[in-house]
Amino acid sequence: MAVTIRDNSGVKGLTRLPDADAAAGSWQVDATVKAKDGDHWISDRVAGFKMKRAARLSTVASPEAVVKGRKLTVTGLLTRASWEDLKHHGFAGQAVQLQ
């Protein structure tokens, strides 16, 4: 059985991409089954999945002594993993909601 994974642009395979981070996104799986008697079965879009990169959010709240009804300031840093160098880098301009 052969399984081909293709992104939504139609590019087939999991060969090394020029930008490894471009692998993040929606992908689809195509399947081909070949029998020993020469018969075969082909199906496009058997399954789909989303490849996501890890993200981290670090926060600092101040003031340390919080008084009920007073202002609390939360600052932080949002980072996202890079598959190129296997490190986390800043991910600016993104909305973050604290609950």
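On a predicted model such as this, the values are computed, not experimentally measured, just so you know.
In terms of heavy atoms, L72 sits closest to A61 at CD1-CB, 3.9 Å.
Both V74 and V66 belong to a single network of hydrophobic side chains, linked directly or stepwise wherever heavy atoms of I, L, V, M, F, W or Y lie under 4.5 Å apart. With hydrophobic clusters built from ILVMFWY side chains whose heavy atoms lie under 4.5 angstrom apart, L98 shares a cluster with F91.
The environment of R53 atom CZ is dense: over 12 non-hydrogen atoms of other residues, nucleotides or ligands sit within 6.0 angstrom.
Taking the side chain as every heavy atom from C-beta outward, W83 and M51 approach each other to under 4.5 Å.
Rounding to the nearest 0.5 angstrom, the gap separating the CG atom in L78 from the NE2 atom in H88 is 9.5 Å. Note that CH2 of W41 is 13.5 Å distant from NZ of K34, once rounded to the nearest 0.5 Å. Atoms OG1 and CD1, on T32 and I42 in that order, are 4.5 Å from each other to the nearest 0.5 Å.
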